[in-house]
Amino acid sequence: MSRSTSTLFVDLDVEVHPDFPLGPETWFGVGGRADILICPRSVEALGTLVRRCHENEIPLRVLGSGANLLVADDGVDGVVVRLNQPAFREVSYNASGAVEAMRAMAGADLARTLNETVRRGLSGLQQVAGIPASIGGALHMNAGGAFGSIGDGVHSVACLNERGEIVVYPASELSFEYRRTNLPAGVILWAAFNLQDDDPKRLRERVLEIFSYKKSTQPLADSSAGCTFKNPIDPATGERTSAGGLIDRAGLKGLRLGSAEVSTLHGNFLHIHPGGSASDLLRLIDQVRSRVASEFAIELSTEVAIWGRS
Ligand SMILES: Cc1cc2nc3c(=O)[nH]c(=O)nc-3n(C[C@H](O)[C@H](O)[C@H](O)COP(=O)(O)OP(=O)(O)OC[C@H]3O[C@@H](n4cnc5c(N)ncnc54)[C@H](O)[C@@H]3O)c2cc1C
């Protein structure tokens, strides 16, 4: 850690982990180290860190649950921030005075938050059942699927700007589209959701239904990040088409390069065998993209975030 990096946080209420192995924190389970991982204990400390990184032109990345993240084998530079301290995992109800509003900090676990809403008989998050994520990570890419996405129930989202100040965006200023939002780059701090009263038993059944649909169609036990590619727009129809379907029709299911393999169950799930490497997966991603491009003249782009040295 350089002297200039340590001056970023020396006086802040943070936990510091130099040379931190990131691979085990991701669902792929591979990849190198962060030069430095910082876990702030307060919003104030996080805000100051964000501002200082910006002023010193030091890249700052946020690690959520690592379920949509591939870290290169030689790791990442700059600062990686993890929102895993209690201040960033809080979930409060009646947050804006409305009976049904819930506010979740970005580091809260999505599945636990969903379970608690179901227990309280509150509907509005069940569409994201079975998606591993932190609240911040789920919002960052509007996680969702056949049953809806996390953006559906959003009331407002708070982010930190580059000066470390909190900016709150009401839903009327936000757009949640297929795997993207118009939230500014940077740190998502919390989100408030509109939830409706519902029968807990019926909600639980709905969650189980969605979860078992996912289980029957996706290889959830493999070391993957879910879908590797976004569903692209087919230029012939102007409609979104299934990336998994294209990969399947190109005959790529089961294709293996070193430790990385295309799932035989779902063409868009690329996974890594134990003891594998990120570079094998990056080669496989390139190979799949070029085979789909030459077969269908459609460019696939990755849904998975890929981190490497700048
Ligand atoms: C088995 C499996 C099944 C999956 N199924 C689905 C599915 O059905 N639908 C779906 O959409 N996804 C699915 N995914 C992918 C993944 O669950 C989602 O993309 C999820 O939103 C990732 O959240 P995370 O907290 O793990 O983010 P991470 O993987 O930690 O990070 C992903 C990106 O989000 C950014 N980020 C994280 N937190 C913040 C924050 N607070 N502020 C700003 N940026 C932040 C990171 O910097 C990074 O760029 C699946 C993954 C797995 C492993």
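What you see is a predicted model, and the numbers here were worked out from it, not measured in a lab. Start at 1 and go down the list; that is how both ligands and their atoms are numbered.
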Worked check of salt bridge (charged side-chain N to carboxylate O under 4.0 Å, His left out) between Arg283 and Asp280: CA-CA 5 Å; Arg283 283 195 302 131; Asp280 284 347; 3.2 Å; yes
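Under the 6.0 Å distance and 45° angle rule, Arg52 does not count as a cation-pi partner of Phe9.
Considering every non-hydrogen atom in both Arg291 and Ala250, the closest pair reads NH2-O, 4.1 Å.
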N/O contact list for ligand 1, threshold under 3.5 Å:
| unit_1 | atom_1 | unit_2 | atom_2 | d |
| --- | --- | --- | --- | --- |
| ligand 1 | 5 (N) | Lys214 | NZ | 2.9 |
| ligand 1 | 8 (O) | Lys214 | NZ | 2.6 |
| ligand 1 | 9 (N) | Gly144 | O | 2.7 |
| ligand 1 | 11 (O) | Gly144 | N | 3.0 |
| ligand 1 | 11 (O) | Gly144 | O | 3.3 |
| ligand 1 | 17 (O) | Pro132 | O | 2.5 |
| ligand 1 | 19 (O) | Asn68 | ND2 | 3.4 |
| ligand 1 | 21 (O) | Gly137 | O | 3.2 |
| ligand 1 | 21 (O) | Ala138 | N | 3.4 |
| ligand 1 | 25 (O) | Ser65 | N | 2.9 |
| ligand 1 | 25 (O) | Ser134 | N | 2.8 |
| ligand 1 | 25 (O) | Ser134 | OG | 2.7 |
| ligand 1 | 26 (O) | Ser65 | N | 3.2 |
| ligand 1 | 26 (O) | Gly66 | N | 3.1 |
| ligand 1 | 26 (O) | Ala67 | N | 2.8 |
| ligand 1 | 29 (O) | Ala67 | N | 3.1 |
| ligand 1 | 29 (O) | Asn68 | N | 2.8 |
| ligand 1 | 30 (O) | Gly64 | N | 2.7 |
| ligand 1 | 30 (O) | Ser65 | N | 3.3 |
| ligand 1 | 30 (O) | Gly66 | N | 2.8 |
| ligand 1 | 38 (N) | Gly137 | N | 3.4 |
| ligand 1 | 41 (N) | Ile188 | O | 3.1 |
| ligand 1 | 42 (N) | Ile188 | N | 2.9 |
| ligand 1 | 47 (O) | Val62 | O | 2.6 |

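Under a 3.5 Å cut-off, the side chain of Arg82 and the backbone N or O of Gly64 do form a donor-acceptor pair.
Under the 4.0 Å criterion applied to side-chain N and carboxylate O atoms, Glu177 and Arg180 are assigned as salt-bridge partners.
Note on Val71: it clusters hydrophobically with Phe20, by side-chain heavy-atom contacts below 4.5 Å among ILVMFWY residues.
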